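The structure presented is a predicted model; accordingly, all values stated were derived computationally and were not measured. For reference, positions follow the sequence shown, starting with 1.
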Amino acid sequence: MSPSRSYLLRGLYEWLVDNQCTPHIVVDTTFKGVIVPEQFVSDGQIVLNINETAVQNLSLSEHAVSFSARFGGVPMNVFVPMV
């Protein structure tokens, strides 16, 4: 069987958006492969708003969450592997 984490994330994301809530993810930035804006990391974590109005090209795949967004006006690609 394939891992369930990505399926649960996509389902929760859709449920939050359908109910006009703002989906966020908390990322442990100490994991290998995480690409986030380092200037916004606090105590090894960052909270990211992944609402469709805040990000572009959101992908909630089996292997990672990825998107592009602006942080402090600067565009950046974000990559968070599913661990």
In the hydrophobic cluster built from side-chain contacts under 4.5 Å, what are the other members alongside Y7?
none
Can you measure from NE2 (H63) to OG (S6) and round to the nearest 0.5 angstrom?
8.5 Å
Counterpart residues, side chain to side chain contact (heavy atoms under 4.5 Å, CB included), relative to D28 (two or more places apart):
T30, F31
So V17 and N19, do their side chains get closer than 4.5 Å, heavy atoms only?
no
Separation between OG of S61 and CZ of R10, rounded to the nearest 0.5 Å
7.5 Å
With a 4.5 Å cut-off on side-chain heavy atoms, are D18 and L16 touching?
no
Which heavy-atom pair separates C21 from P23 by the least distance, and what is that distance?
O-CD, 3.4 Å
Gap between atom CE of M76 and atom CZ of R70 - 0.5 Å precision
13.5 Å
Per-pair distances, 0.1 Å, donor-acceptor, side chain in residues 38-52, under 3.5 Å, sequence neighbours excluded:
residue: N49; atom: OD1; partner: N51; partner atom: N; Å: 2.8

Nearest non-hydrogen partners of E62 and P3, listed with the distance
OE2-CD, 3.7 Å
V55: what forms a side chain to side chain contact (heavy atoms under 4.5 Å, CB included) with it, not counting sequence neighbours?
L58, F67, A69
If the condition is side chain to side chain contact (heavy atoms under 4.5 Å, CB included), which residues does S4 pass it with, not counting sequence neighbours?
L8
I'd like to check the side chain to side chain contact (heavy atoms under 4.5 Å, CB included) partners of F79; sequence neighbours left out, ordered by chain and number.
I35, A64, S66, P81
